[in-house]
Amino acid sequence: MSHERIAIIDFGSQYGQLIARRVREHKVYSQIFQPQVTADQLRQVGVTGVILSGGPASVYSENAPSCDDKIFQLGVPILGICYGMQIGCKILGADISPAKGREYGRTGLTITDDSDLLATLPESTTVWMSHGDQVNELSDDFVALAATPSCPYAAVKHRGSKFYGVQFHPEVTHTPRGADILRNFLYDICCCSGDWQMSDFVEQTVKSVREQVGSATVICGLSGGVDSAVTAALLHKAIGEQLVCIFVDNGLLRMNEREGVISMFNDHFHMDLHVVDWGDRFLTKLADVTDPQKKRKIIGAEFIEAFKSEADKIPDARFLAQGTLYPDVIESGSKDGNLAANIKLHHNVGGLPEELGFELVEPLRELFKDEVRLVGEYLGLPEEMVWRHPFPGPGLAVRIIGAITEKKLEVLRPADNILLEEIKSAGLYRQISQALTVLLPVGTVGVMGDERSYENVIAIRAVETDDFMTADFSRIPYDVLGRIASRIINEVRGVNRVVYDVSSKPPATIEWE
């Protein structure tokens, strides 16, 4: 693992995780901390630099989050972004007040000092602003680096410390030269070498997993998704036959999904794979259940029973591998300043409670989703698995609105398969972040042959997103949509109408339930 580490103190910014990812794109390891982190704690983990994120609060409000003043005495460079700039400037003696005009969106920036943070940038460029407060008065301890028409101190640096501040957001793509600003901070100011890379991560993780588990057996729950697949491949590289994978067939899988998982992990990777047939149990428990949350609870509880039934048969199984990712670690981290992250017990294929009695192995807990895919490629997983769209743990249960029956599953499976076949054929699969079909609880009148029909409606949902927090519907060409609809209506018995969901997230969610 790289010894270089940039600490990101997150004040509740919608872009906190994006900053961390942008730093890693420059091949420098980043780690997110809560505002309560102390200077001593950052010194213990050995930070090379600190970034203070933006946030929704106002620095002069009563309960505004702040950070330990002693962080500014660590002797490492600090970059404050938006709210982070205001916090840093306030701690160092500047005056913060409401801006005369709130700036939001693209704004022209004029650079007056291009010596370090803003080196290589043109005198005039565009940046993305989102603020209501700003720095209005600076002491002689500060140097102004840039301004916008309504923000005289859009970028500053402090003479006596290594603090830099920008009122705009360099981490978003709407700031065209933002990557250059971050690169200047990381390489020229923090003197990072940029040696964070996936091959080093894999080798270090293999070593740490071997040390953690010794000669014990590790169980890994496979879902067929990328997180559990990469977790299994990484563990197999580390401990070989000590790994036992469990795949629960809940009867709610996509077409040929079970066969694909068996082929990949049993036949191709030669892993010890146990398949648990539990479909009848799931469908029995779900009979006549229409409430989405109740469906999820039943499926989660039943999954644990299925998983436990097989895990109990595996001798010397002390460890449970989970595909926990860094966003999960961040979101479940304690809010009281304790750096020991309180990891939520979750898994792609269901929530596995602590009572199962296993110690956890979480080899991906330092990675973002895009980094997990890079690890998968490095480990030789096939492209279709590495770039597979997300598939919910409850499976097709949350894509059938209303009660779940085998008959409805027989309608939805082939419709879903046709959608995926056609977007792959059109070269759109990688462009689309997630695509799915939904069986609606309504029938509509149609004409099939010369007869009146009253059949099911299939809704198509396809979205594009960077982080799955927000998403927009995919602009699939009409001719492709036409082919998909035509095939579903012609090939799937019981469907006479196909509709396309053009909702964004928010307000709609990606899945319908």
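Between Ile81 and Ile19, the closest side-chain pair of non-hydrogen atoms falls below 4.5 Å. Between Ile78 and Ile51, every side-chain heavy-atom pair lies at or beyond the 4.5 Å cut-off. At least one side-chain heavy atom of Arg24 sits less than 4.5 Å from a side-chain heavy atom of Trp196. Between Leu234 and Thr205 the shortest side-chain heavy-atom distance falls below 4.5 Å. Put simply, the side chain of Asp114 does not reach to within 4.5 Å of the side chain of Leu121, judged on heavy atoms.
A side chain to side chain donor-acceptor pair (under 3.5 Å) with Gln434 is found for one member of Glu511, Arg461, His389, Glu464 and no other, namely Glu511.
A side-chain donor from one of Trp387 and Glu377 sits under 3.5 Å from a side-chain acceptor of the other. At a cut-off of 3.5 Å, with distance as the only test, no side-chain donor of Asp40 or Thr38 sits close to an acceptor on the other residue. Between the side chains of Ser474 and Gln431, no donor-acceptor pair of N or O atoms lies under 3.5 Å. Of the N and O atoms on the side chains of Ser223 and Ser228, at least one donor lies less than 3.5 Å from an acceptor on the other residue. Checked by atom type, the side-chain pair Thr120/Asp180 shows no donor-acceptor distance below 3.5 Å.
Looking at residues two or more places apart in sequence or on another chain, you find a side-chain contact (heavy atoms from CB on, under 4.5 Å) between Pro292 and Glu513. Scored by the side-chain hydrogen bond (donor to acceptor under 3.5 Å, both in side chains) test, Arg373 finds no partners at all (sequence neighbours excluded).
Nearest heavy-atom pair, Pro65 versus Ile87, reported as atom, atom and distance to 0.1 Å: O-CD1, 3.4 Å.
More than 12 heavy-atom neighbours from other residues, nucleotides or ligands sit within 6.0 angstrom of NZ on Lys424. Heavy-atom contacts from other residues, nucleotides or ligands closer than 6.0 Å to NZ of Lys237 number 12 or fewer.
Annotation: salt bridge (Lys or Arg N to Asp or Glu O under 4.0 Å) contacts involving residues 115-127, sequence neighbours excluded, comprise Asp116-Lys157.
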Dump the intermediate steps for side chain to side chain donor-acceptor pair (under 3.5 Å) on Gln86 and Gln167, then the final yes or no.
CA-CA 8 Å; Gln86 296 164 20; Gln167 187 56 65; 3.2 Å; yes

For the pair Glu171 and Arg22, evaluate salt bridge (charged side-chain N to carboxylate O under 4.0 Å, His left out) and give the outcome as yes or no after the intermediate values.
CA-CA 6 Å; Glu171 71 274 21; Arg22 291 288 182 256; over 6 Å; no

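To the nearest 0.5 Å, the span separating CD1 on Ile91 from CG on Asp68 amounts to 8.5 Å. The distance from the CG atom of Asp200 to the CD atom of Gln197 is 4.5 Å, given to the nearest 0.5 Å.
Note: Tyr164 and His158 fail the aromatic proximity criterion, with ring centroids not under 6.0 Å apart. When ring centroids are compared, His236 and Phe269 stay outside the 6.0 Å threshold. The aromatic ring centres of Tyr83 and Phe11 sit less than 6.0 Å apart.
Relative to the ring axis of Phe185, Arg183 does not place its NZ or CZ within 45° and under 6.0 Å from the centre.
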